[in-house]
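Shown below is the structure under consideration.
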Protein chains: 2
Amino acid sequence: MKLTSKGRYAVMALVDLARFDNINPVSLRDISLRQGISLDYLEQIFSKLKKNEIVKSIRGTQGGYVLNKNPNDIKLTNIFNAVDEKVKTVQCKKESKKGCNGKATKCVTHNLWDELEVHINTFFENKSLKDLLNNNKETRV
Amino acid sequence: MKLTSKGRYAVMALVDLARFDNINPVSLRDISLRQGISLDYLEQIFSKLKKNEIVKSIRGTQGGYVLNKNPNDIKLTNIFNAVDEKVKTVQCKKESKKGCNGKATKCVTHNLWDELEVHINTFFENKSLKDLLNNNKETRV
DNA sequence: ACATACCTGACCAAAATGGTCAAGTTTAGA
DNA sequence: TCTAAACTTGACCATTTTGGTCAGGTATGT
Ligand code: FES
Ligand code: FES
């Protein structure tokens, strides 16, 4: 049960972006240097964030990325969905009536994992980018 | 962010065991058949559960495994620890002052992941094997 | 025109996952 | 005493996921 670095980097990068995008777009190169994330990898991540309308891109010299929404309206849920960091606790297909192991009914632990999934998703839905910014004010450059 | 099948199977097997161990020890073969888990794999899992004193083994014909504690005293936390299903959300080493990416200070998202870890662990600490048994009474054979 | 920075997709090594296989040892019961 | 059931141990392995790199583009401000 661990977080992948794609999800982790996405949030790191967006926090960085949110801090610096007041005036100009922020280039991935800058984020890469400040946060220590490979540029090529960041491009993959931002491509997805863009498709999900969390950021906008501005091409050309002095270009970069800008938030597409208010930090208060960007929930962790949105970010995670965008980069395919899904919370998956059950083994079976949820829609199906069948259980894991191909059994005809849901297994004895199915409800448990489902509860856990809800529990974790609740956390993500209640956290916005704004919350993270406030949390780290004191370390602001 | 997903659960591994080792953790999932461990809980499944223990629920099965808790249901049937009233009179006699339960053999892994039976659990394997009822829950559709490979026997060889179950053996790996139960070896760990035994080391962590969650179950006791009884060798020989008619042998098997028995719970070593009251179902009410077996928390999911205990089970997960036993089979090395750890909740790991931060990237860095917790004890260290250093952050991930080898930086000198903790990264901007460190607190967030730490909160998440606590949030998930709380769930595991508040669930016991007993809770699962009650939940599934109606499907009892 | 040219440098900057976004964009796209193929590719890949290493680690984790989810097991299998083989060869035991122990003990109840016929 | 013999044997089969069931625990015990440890090596092994194919597949998938992870966490990227690399090699080319294309768009645009100056
Ligand atoms: S997890 Fe859904 S049936 Fe087992
Ligand atoms: S996760 Fe701990 S420093 Fe980044």
Side-chain angles (χ1 to χ4, degrees), chain A residues 1-13 17 20-21 24-52 54-66 68 80 83-89 91 100-102, chain B residues 1-10 12-13 17 20-21 24-52 54-66 68 83-89 91 100-102:
Chain A
M1 175 123 249
K2 59 183 169 182
L3 211 59
T4 70
S5 74
K6 200 162 269 184
R8 198 180 282 115
Y9 285 168
V11 177
M12 269 171 97
L17 178 56
F20 290 92
D21 84 339
N24 300 310
V26 181
S27 74
L28 292 189
R29 194 177 139 277
D30 286 353
I31 297 179
S32 165
L33 291 174
R34 278 195 295 259
Q35 303 297 328
I37 304 169
S38 136
L39 176 60
D40 285 318
Y41 202 27
L42 272 179
E43 279 172 350
Q44 284 183 45
I45 293 170
F46 271 76
S47 157
K48 297 185 179 193
L49 291 175
K50 191 189 168 187
K51 270 181 199 136
N52 284 266
I54 292 171
V55 296
K56 277 185 298 196
S57 69
I58 295 162
R59 303 184 74 148
T61 315
Q62 302 302 321
Y65 285 94
V66 180
N68 197 19
F80 274 34
V83 298
D84 303 313
E85 172 86 54
K86 293 191 192 95
V87 175
K88 178 165 168 71
T89 54
Q91 173 73 351
C100 45
N101 316 59
Chain B
M1 174 124 252
K2 58 184 169 185
L3 211 59
T4 70
S5 73
K6 200 160 270 184
R8 198 180 283 115
Y9 285 168
M12 271 171 94
L17 178 56
F20 290 93
D21 84 341
N24 299 313
V26 180
S27 73
L28 292 190
R29 194 177 138 276
D30 287 354
I31 297 179
S32 165
L33 291 174
R34 279 195 294 260
Q35 302 298 326
I37 304 170
S38 137
L39 177 59
D40 285 318
Y41 201 29
L42 271 180
E43 281 172 347
Q44 283 182 45
I45 293 170
F46 271 75
S47 157
K48 296 184 181 195
L49 291 176
K50 191 188 168 190
K51 271 182 199 138
N52 284 265
I54 291 170
V55 297
K56 275 185 300 196
S57 69
I58 294 161
R59 304 185 73 150
T61 316
Q62 302 303 319
Y65 284 94
V66 180
N68 198 20
V83 298
D84 303 313
E85 172 86 56
K86 293 194 191 91
V87 175
K88 178 164 168 72
T89 53
Q91 172 74 350
C100 45
N101 315 59

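Below, chain A is the first sequence line, B the second, and so on; all start at residue 1. Hydrogens, waters and symmetry mates play no part in the numbers below; they use all other heavy atoms, side chains included.
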Problem set entry | Residue-phosphate contact under 4.0 Å: A:Y9 side-chain N/O, D:dG20 OP1/OP2 | yes

Exercise. Taking the side chain as C-beta and beyond, is there a heavy-atom pair between A:N24 and A:Q62 under 4.5 Å?
Worked result: no

Exercise. Base, sugar-phosphate, or nothing: which does B:V26 touch, judged by heavy atoms less than 4.0 Å apart?
Worked result: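 It contacts sugar-phosphate atoms only.
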
Exercise. What integer distance in Å separates B:I45:CD1 from D:dC7:P?
Worked result: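 Taking CD1 of B:I45 and P of D:dC7, I get 14 Å after rounding.
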
For this session: Whole angstrom is fine here: how far is it from CG in B:D40 over to P in C:dA23?
Result: 13 Å

Exercise. Nearest-Å distance, CD (A:E85) to P (D:dG20)?
Worked result: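 Answer to the nearest Å: 13 Å.
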
Exercise. What nucleic acid atoms does A:F46 come within less than 4.0 Å of, heavy atoms only: base, sugar-phosphate, or nothing?
Worked result: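 Nothing, no heavy atom under 4.0 Å.
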
Exercise. Where the side chain of B:R59 is defined as all heavy atoms beyond and including C-beta, which of C:dT20, C:dC6, C:dT25 is the nearest nucleotide?
Worked result: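 Among the listed nucleotides, the one closest to the side chain of B:R59 is C:dT25.
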
Exercise. Of B:Y65 and B:Q91, whose closest DNA chain D nucleotide lies nearer the 5' terminus?
Worked result: B:Y65

Problem set entry | Interatomic distance, B:E43 CD vs D:dA11 C1' [rounded to whole Å] |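 In whole Å, D:dA11 C1' and B:E43 CD are 15 Å from each other.
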
Exercise. Do the side-chain N or O atoms of A:S5 get closer than 4.0 angstrom to the phosphate oxygens (OP1, OP2) of D:dG19?
Worked result: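 Answer yes for this pair, as a side-chain N or O of A:S5 is under 4.0 Å from OP1 or OP2.
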
Seminar exercise, completed: Closest of C:dC6, D:dA4, D:dT17 to the B:T61 side chain is D:dA4

For this session: Side chain of A:Q44 only, please: which of D:dC7, C:dA10, D:dT28 is the nearest?
Result: C:dA10

For this session: For the residue pair A:F46 and A:Y65, categorise the inter-ring angle as parallel (less than 30°), tilted (30 to 60°) or perpendicular (more than 60°).
Result: tilted

Exercise. Is there a donor-acceptor pair under 3.5 Å between the side chain of A:R8 and the backbone N or O of B:T89?
Worked result: yes

For this session: Please figure out whether B:M1 or A:G60 has its closest DNA chain D nucleotide nearer the 5' end.
Result: B:M1

For this session: Calculate the interatomic distance between A:N24 atom CG and D:dG29 atom P; express it in whole Å.
Result: 13 Å

Exercise. Tell me: CD1 of A:I58 to C1' of C:dC7, nearest whole Å?
Worked result: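 Between C1' of C:dC7 and CD1 of A:I58: 15 Å.
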
Exercise. Just how far is it from atom CE of A:M1 to atom NZ of A:K88, taken to the nearest 0.5 Å?
Worked result: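 Output value for this atom pair is 11.5 Å.
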
Exercise. Are the side chain of B:S32 and the backbone N or O of B:S38 linked by a donor-acceptor pair below 3.5 Å?
Worked result: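 Between the backbone of B:S38 and the side chain of B:S32 there is no qualifying donor-acceptor contact (under 3.5 Å).
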
For this session: Could you tell me whether the phosphate oxygens of C:dT17, OP1 or OP2, come under 4.0 Å of any side-chain nitrogen or oxygen in B:K6?
Result: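 Negative; the distance criterion is not met.
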
For this session: Find the distance B:I31:CD1 to D:dA5:P and express it as a whole number of Å.
Result: 18 Å

For this session: Establish, with yes or no, whether the OP1 or OP2 oxygen of C:dC21 is under 4.0 angstrom from a side-chain nitrogen or oxygen of B:Y41.
Result: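 The answer is no; no side-chain N or O of B:Y41 sits under 4.0 Å from OP1 or OP2.
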
Exercise. Is the phosphate of C:dA16, meaning OP1 or OP2, less than 4.0 Å from a side-chain N or O of B:T4?
Worked result: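 No, outside the criterion.
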
For this session: Give a yes/no on whether any side-chain N or O of B:S57 is located under 4.0 angstrom from OP1 or OP2 of D:dT8.
Result: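 The answer is yes; a side-chain N or O of B:S57 sits under 4.0 Å from OP1 or OP2.
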
Exercise. Think B:K50 has a side-chain N or O under 4.0 angstrom from the OP1 or OP2 of D:dT8?
Worked result: yes

For this session: Name the closest nucleotide to the A:R29 side chain, picking from C:dA5, C:dC7, D:dT21.
Result: C:dA5

Exercise. B:D84 CG to C:dA16 P: how many Å, rounded?
Worked result: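 The distance from CG of B:D84 to P of C:dA16 comes to 12 Å, rounded to the nearest Å.
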
For this session: Could you tell me whether A:D84 and A:K6 have a side-chain N and a carboxylate O separated by less than 4.0 Å?
Result: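 So A:D84 does not pair with A:K6 through a salt bridge.
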
